[in-house]
Number of protein chains: 2
Amino acid sequence: MSYNQHFEHLLKRHQLKRTEARLRVLSLLVNKKTATSQPDLESVIGDVDRVTLYRILSAFEEKGIIHKVFDLNGTANYAICADDCDEHHHHDEHLHFNCSNCKNVYCLDELDMPPIVLPAGFKLEKLSFSAVGLCPKCLNK
Amino acid sequence: MSYNQHFEHLLKRHQLKRTEARLRVLSLLVNKKTATSQPDLESVIGDVDRVTLYRILSAFEEKGIIHKVFDLNGTANYAICADDCDEHHHHDEHLHFNCSNCKNVYCLDELDMPPIVLPAGFKLEKLSFSAVGLCPKCLNK
DNA sequence: TAGCTTAATGCAACTTTATTGCATTTTATT
DNA sequence: AATAAAATGCAATAAAGTTGCATTAAGCTA
Ligand SMILES: [Mn+2]
Ligand SMILES: [Mn+2]
Ligand SMILES: [Zn+2]
Ligand SMILES: [Zn+2]
């Protein structure tokens, strides 16, 4: 199945209309190990309004297609979700690594994260782990 | 030792001049279990310029007096550091709990966090743990 | 395939958080 | 009291994100 077919199916499954802008966003995010911000997306996507991008990103996030993670500047970055995310629940409790040099945010989803027990009285909905440091590319320079 | 004496000593130790605004910021942050944003600070601190607040907060962060944590909107929030933080190194790798209802960010520094091992090639500088859910106050309503 | 309905987009205006430059004031030291 | 450096205030600017509304396009249905 081609990427395009896959994307179209994904949109249909989530009751989102198949539009050029959405397909382009998906193709820019898929197979990336790092998360992407709206400003970065805007600079490469071509002829799509900036507001439309914000709206596509939040629609995708609500549907469980992408997940949001903040970088070191507090800017939202987005990456494709694990397969088992949906509009009711995200399962992206993997480690996000922020490179202090190149500012990339890596989704290290192959790592298992330990369980965290909260103090009594707190009701946990979602956990997240993040690290700051140097990524392999920046370390080799 | 009174709080004011403590604050003055703290400022002197970090080679920061003793100013009214800085003392007020310290007195607003000390003994709080939750982190505070510049906008929140601004709304209660009285006659201090907003830019001055930003500058005080970043000076304090650099010196290891306070640490920064982003809330669910990507806004920076600040809280007093553990005693062993200094200008070279922060040690605030505790869990930050974001209440999805009241939006407060709790520093749960009494909890021990497990060690996290990164994949080869990544050099770790700082780890952080964050959770989203309902805080005790909001749960009891 | 034409018509209809609803969702998606584009554009302008606006909001919030944060930063920068520069003149003025204040602090700490001598 | 004089001085030098640091801190502040103010105005302007920047960046990320949001809202309202008119227009356009997508997906049905007849
Ligand atoms: Mn991720
Ligand atoms: Mn904290
Ligand atoms: Zn890097
Ligand atoms: Zn709460």
Side-chain angles (χ1 to χ4, degrees), chain A residues 4-5 7-26 28 35-63 65-78 87 98 103 105, chain B residues 4-5 7-26 28 35-63 65-78 87 98 103 105:
Chain A
N4 234 282
Q5 283 177 306
F7 297 153
E8 293 183 13
H9 176 250
L10 194 62
L11 292 175
K12 181 165 260 174
R13 184 154 60 86
H14 290 97
Q15 302 156 67
L16 297 171
K17 291 184 175 172
R18 192 211 86 114
T19 69
E20 181 59 28
R22 284 172 175 169
L23 292 174
R24 279 198 231 167
V25 169
L26 288 174
L28 285 171
T36 312
S37 65
Q38 183 280 345
D40 283 356
L41 223 40
E42 194 185 341
S43 72
V44 298
I45 204 173
D47 204 21
V48 176
D49 190 80
R50 47 190 305 283
V51 177
T52 300
L53 284 179
Y54 279 112
R55 290 196 269 230
I56 288 175
L57 291 171
S58 40
F60 283 4
E61 198 205 356
E62 271 169 28
K63 296 294 189 173
I65 298 175
I66 62 180
H67 60 280
K68 171 159 72 170
V69 47
F70 291 108
D71 65 20
L72 295 177
N73 303 310
T75 303
N77 283 243
Y78 296 88
E87 60 241 88
N98 299 71
K103 314 297 179 195
V105 181
Chain B
N4 235 282
Q5 283 178 306
F7 297 154
E8 293 183 13
H9 177 251
L10 194 63
L11 292 175
K12 181 164 259 176
R13 183 155 60 86
H14 290 97
Q15 302 153 67
L16 296 170
K17 291 184 173 170
R18 192 210 88 112
T19 68
E20 181 59 30
R22 283 172 176 168
L23 292 174
R24 279 199 230 165
V25 169
L26 288 174
L28 285 170
T36 312
S37 65
Q38 184 279 344
D40 283 356
L41 223 38
E42 194 186 341
S43 73
V44 298
I45 205 174
D47 203 21
V48 176
D49 191 80
R50 45 191 307 285
V51 177
T52 299
L53 284 179
Y54 280 113
R55 292 198 268 230
I56 288 175
L57 291 171
S58 39
F60 283 4
E61 198 205 357
E62 271 168 30
K63 296 294 190 175
I65 298 175
I66 61 179
H67 60 280
K68 170 159 74 170
V69 47
F70 292 109
D71 65 20
L72 295 175
N73 304 310
T75 303
N77 286 63
Y78 296 88
E87 58 242 89
N98 299 72
K103 313 299 179 194
V105 180

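Reminder, nothing fancy here: chain letters follow the sequence lines and each chain counts from 1.
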Decide yes or no for A:Ile65 and A:His14: does some side-chain heavy atom of the first lie under 4.5 Å from some side-chain heavy atom of the second?
-> yes
Within the structure shown, what part of the strands sits under 4.0 Å from A:Ala59 by heavy-atom distance: base, sugar-phosphate, or nothing?
-> nothing
Whole angstrom is fine here: how far is it from NZ in B:Lys12 over to C1' in C:dT27?
-> 11 Å
B:Leu57 versus B:Leu41: any side-chain heavy-atom pair under 4.5 Å?
-> yes
Would B:Phe60 and B:Leu26 satisfy side-chain contact (heavy atoms from CB on, under 4.5 Å), going step by step from the backbone distance to the final call?
-> CA-CA 9 Å; B:Phe60 283 4; B:Leu26 288 174; 3.5 Å; yes
Please name all residues satisfying side-chain contact (heavy atoms from CB on, under 4.5 Å) with B:Glu20, sequence neighbours left out, ordered by chain then number.
-> B:Arg24
So which pairs with a foot in residues 45-61 of chain A pass side chain to side chain donor-acceptor pair (under 3.5 Å), sequence neighbours left out?
-> A:Gln38-A:Tyr54
The side chain to side chain donor-acceptor pair (under 3.5 Å) partners of A:Asp71 (sequence neighbours excluded) come to A:Asn77
Rounding to the nearest 10°, end axes of the helix from C:dT1-D:dA30 to C:dT30-D:dA1 built from five pairs each make an angle of 30°
Could you tell me from which nucleotide to which nucleotide of DNA chain D, 5' to 3', there is an atom under 4.0 Å from chain B heavy atoms?
-> D:dA5 to D:dA11
Kindly write out the residues that satisfy side chain to side chain donor-acceptor pair (under 3.5 Å) with B:Thr75, not counting sequence neighbours, or none if the list is empty.
-> none
Please name all residues satisfying ring pair (Phe, Tyr, Trp, His ring centres under 6.0 Å) with A:Phe7, sequence neighbours left out, ordered by chain then number.
-> A:Tyr3
Residues two or more places apart in sequence or in another chain: which of them pass side-chain contact (heavy atoms from CB on, under 4.5 Å) with A:Gln15?
-> none
Between atom CD1 in B:Ile56 and atom C1' in C:dT27, what is the gap in whole Å?
-> 14 Å
Kindly determine whether B:Leu11 and B:Leu23 satisfy side-chain contact (heavy atoms from CB on, under 4.5 Å), including the steps that lead there.
-> CA-CA 9 Å; B:Leu11 292 175; B:Leu23 292 174; 4.0 Å; yes
Grab the N/O contacts between the protein and nucleotides 13-20 of chain C below 3.5 Å, and write none if there aren't any.
{"from": "C:dA18", "atom 1": "OP1", "to": "B:Ala76", "atom 2": "N", "distance (Å)": "3.0"}
{"from": "C:dA18", "atom 1": "OP2", "to": "B:Tyr54", "atom 2": "OH", "distance (Å)": "3.4"}
{"from": "C:dA18", "atom 1": "N7", "to": "B:Arg50", "atom 2": "NH2", "distance (Å)": "3.0"}

Please tabulate, one pair per line, each protein N/O and nucleotide N/O from nucleotides 3-7 of chain C that are separated by under 3.5 Å, including the distance.
{"from": "C:dT6", "atom 1": "O2", "to": "A:Lys17", "atom 2": "NZ", "distance (Å)": "3.1"}
{"from": "C:dA7", "atom 1": "O4'", "to": "A:Lys17", "atom 2": "NZ", "distance (Å)": "3.0"}

Pairwise side-chain contact, B:Thr36 with B:Tyr78, heavy-atom cut-off 4.5 Å (strictly under) = no
By nearest nucleotide on DNA chain D, pick out whichever of A:Arg18 and B:Asp47 is the more 5' one.
-> B:Asp47
B:Glu8: salt bridge (Lys or Arg N to Asp or Glu O under 4.0 Å) partners, not counting sequence neighbours = B:Arg18
Sequence neighbours excluded, which residues qualify as salt bridge (Lys or Arg N to Asp or Glu O under 4.0 Å) partners of A:Arg22?
-> none
